[in-house]
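The structure under discussion appears below in the form of structure tokens.
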Amino acid sequence: MLEIRKISKIYETEDLKQVALDKVSVNFRKNEFASILGPSGSGKTTLLNIIGGLDKYTSGDLVINEVSTKEYKDADWDSYRNHRVGFVFQSYNLITHQSILKNVELALTLSGVSKRERTRRAKQALKKVGLEKHMHKKPNQLSGGQMQRVAIARALVNDPDIVLADEPTGALDSETSKQIMDLLKEVAEDKLVIMVTHNPELAEEYSTRIIRLKDGKIIDDTNPYDGKVNTREDLEVERRKSKKTSMGFGTALSLSLNNLMTKKGRTFLTAFAGSIGIIGIALILAMSSGVNNYIEKTEKETLATYPLSISASSLDIGALRSDREGQADVECETQSICTIDDITNNLLLEMTSSMNSNDLANFKKALDDNYGGIDDYITDIKYLYDLDLQIYSSDYNTDIVQVNPNTFSVSDTVISEYNTSGLEESQNSMLAMRNNVFDELIDNQDLLNGQYDVLAGHLPQNYNELVLVADENGQVPISVMYSLDLRNREEIQKVIQKKQAGEDVALDSINYNYDDLLGITYKLLLNTDYYEKQNGIWVNRSKDEKYLKSKLDKATDLKIVGVIKVNENAVEAQSGFVGYTHELAEFVINKINNAPIAQEQIKDPKINVLTGRKFEGSNLTYETVTKMLGINDLANPATISIYPKNYDAKEEIKRIIDEYNSEQPEESRIKYTDYVGVLMNGITVIVDVISYVLIAFVAISLVVSSIMIAIITYISVLERTKEIGILRAIGASKKDITLVFNSETIIEGLVAGVLGVVVTMLLCIPANAIVGSLTGVNNIAFLEPKYALILLVISVVLTMIAGFIPAKIASKKDPVEALRSE
Ligand code: ADP
Ligand code: MG
């Protein structure tokens, strides 16, 4: 059944060719006990290894059941070794970190036998060699004879046709040798046993045939065989036994796990070193997640009610708001607010402005109709109108001073009087002060309380009550105080002229005691109050002091009842103005709209009430006149502020506005900016960028640990060379060997990853406790499960990549050489 036809084996080394086998031809019976005798170096082991498929012949042919092996591929040899051949070595070659039972089972795991069947057959084989009692021991807990019996059990477990034994008794005493020989003789009853020995006595006593080798040639054969009788049964066996072998991932893992368990200290240290990079990245991710969560939470909790404000047309006055740079630090006295110089610093500031316009009448209609169910997401909608409150200093009897709109403005080099009609808005080179020092306060009481602290007095409770709004340091721009007529205006005009002449002058800070501010009153006129009907047309009499005084006598009193400042926690809250209530705005609009001049103008939009002539053909339009008179169409607000119920509602509102826009023609689309969202997104982006930069640095440690794992794996390959040989001898393929070492790195990577994640989670506990007690911000470090998982995967993948080359080296090892290694 086994024919060796003129097989030669030549070892080529650098300087010489060593002929180990020289055209050896010999046939073997299906079952016999053949002994190969010969001096050392005569080629016995070489012959045995070639028969067992461990070594490749240089020329000739090995024919198994009439099938030549010339065309055998690696996989065929693997299968042949696994199913057809059982090896017994002089040095036992058991895998030391596996139990006896596992050692015997190994060949079966390669042929894909089920776990239960595997154990049953392994136990059976161990029983046959009389070792079933020792099956849970490790090899080094057995005697030499016992180990050799385990090796025989392993050789038999797969029920091979051929058992090859290379000096199986070479390391045993004569008594034990006899036991082993008895066992092999028994095996030979139904199998082909080929045994190499240099003990002629044992060969004579036990074997049925003795073949003598010398210098790679057969010099004697006591029982030659030339028959090639192959029964149909043999050929059937041939077909059945040429199944492919393959190691399961579980077997590979268990082999590596057991191996790693024998060197726990090293495994742990390697994994720990590997985990440092993971810990670094995990900590950074935990921190950035925590910070981003905190930002999101802040946005949700604190800023949810901050409105989306949409203006009909808005001038971007950003340049004027950033007027704090390069200012001397000013500290306010107790019970006072104080001023900061926004005038001399801004004199030469160019203002960049951009206009955008929105069709708010159409949008308001949609809101009134509860477009898209938007009401469900809104706590309040405020409509602001284009309204310049006409406010005067209350001591008008000595000198009439209009404080709003600001009559005090700086345009280029000239300080010009602001036109009361509001027609002459200087927009090119802008003044250093705002025209309107009076602004409507946020109407949402909760939000107002959340954004401002009351320093003195109280918030307005009546339509005619005002508050002065300072910034978080209790300061207001000095221009506000001049505008409010709380400073002498000539003083500033002189300073401005000096500054423009190139002198380095500045305005000193001034303190205003709360008590001095509370109770200050102003007079409120209506735009329509300036006009008086004379001879059928309405005449502007604002330049007539007597007329103005008579109106001021009857004017509504406005009173400062409180001083408030921007809260420390407030985001982007406005300051530096006098705040009035929405009630006052409504009061003024209603009064203006009901004034006779307004009624007359609205009734006949074609005729200009100021001239009595048609608008057609004149320079003025209906719109300019109504604006001048302060008439507001309640259906067409200047600004719409939408207060969302919560953060999610805000997102819904934005979605509904987008939906609205998609249905509108280009010119009616609403353009808006969610300032809070933009601000918060900005911070989130910064946090992310910082995190990524840090991660890039920490990633270097991952590279280092990967190199280290590559080295450790390579050392492991060197240490496990023998095991590689054993595995190959029992039929493991190159791929299987790769798998064994890959699973070793997978385990290392997994341990490193788990260690990294667990250590990070543990570190988060004190980090959170410290940050929590210092700042009151809880859970600032939090490793999201998703990141933990990603890091685990990265750790495993990196170590696998690191172990890839060592694993390849392992798989390429020559099995014969591997077995020879110690
Ligand atoms: P035996 O088992 O009979 O002692 P071997 O079969 O091991 O002898 O060796 C036969 C010859 O081949 C010896 O001369 C040995 O030095 C040589 N040989 C064996 N393996 C190699 C090898 N890998 N490279 C070179 N020469 C080898
Ligand atoms: Mg030998």
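We number each residue from 1, following the sequence as shown. Because the structure is a prediction, the values reported are computed rather than measured. Ligands are counted one by one from 1 in listed order, and the atoms in each one are counted from 1 as well.
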Tightest non-hydrogen contact, residues S256 and V740, listed as OG-O, 2.5 Å

Could you tell me if N140 and T96 have a donor-acceptor pair between their side chains, going purely by distance under 3.5 Å? no

When you measure from atom 22 (C) of ligand 1 to every protein heavy atom, which one gives the shortest distance, and what is it? Y11 CD2, 3.4 Å

Does G38 come within less than 4.0 Å of ligand 1, judged by its heavy atoms? no

Examine ligand 1 and decide if any of its atoms is less than 4.0 Å from a heavy atom belonging to R820. yes

Side-chain donor-acceptor contact under 3.5 Å, S114 with E117: no

Salt bridge R728-D736, side-chain N to carboxylate O under 4.0 Å: no

Assess, by modelled atom type and distance only, whether the side chains of Y57 and T69 contain a donor and an acceptor separated by less than 3.5 Å. yes

Minimum non-hydrogen distance to atom 14 (O) of ligand 1, winning option of Q18, E817, E167, K44: Q18

Any idea which protein heavy atom is nearest atom 1 (P) of ligand 1, and the distance to it? G41 N, 3.5 Å

Going by atom types only, do N82 and S79 share a side-chain donor-acceptor pair under 3.5 Å? no

For V717 and A810 the tightest heavy-atom approach is CG1-CB, 3.6 Å

Just to confirm, does any protein heavy atom lie below 4.0 Å from atom 16 (O) of ligand 1? no

Give me the residue, atom name and distance of the protein heavy atom closest to atom 12 (O) of ligand 1. A20 CB, 3.4 Å

Can an N, O or S atom be found in Q90 less than 2.8 Å away from the Mg ion (ligand 2)? no

T46 to ligand 1: N or O pair under 3.5 Å? yes

Steps toward salt bridge (charged side-chain N to carboxylate O under 4.0 Å, His left out) verdict (K30, D190): CA-CA 8 Å; K30 204 181 144 198; D190 59 349; over 6 Å; no

What atoms in ligand 1 come closer than 4.0 Å to a heavy atom of S40? 4 (O)

Which is closest to atom 2 (O) of ligand 1 by heavy-atom distance: V196, D166, T45? T45

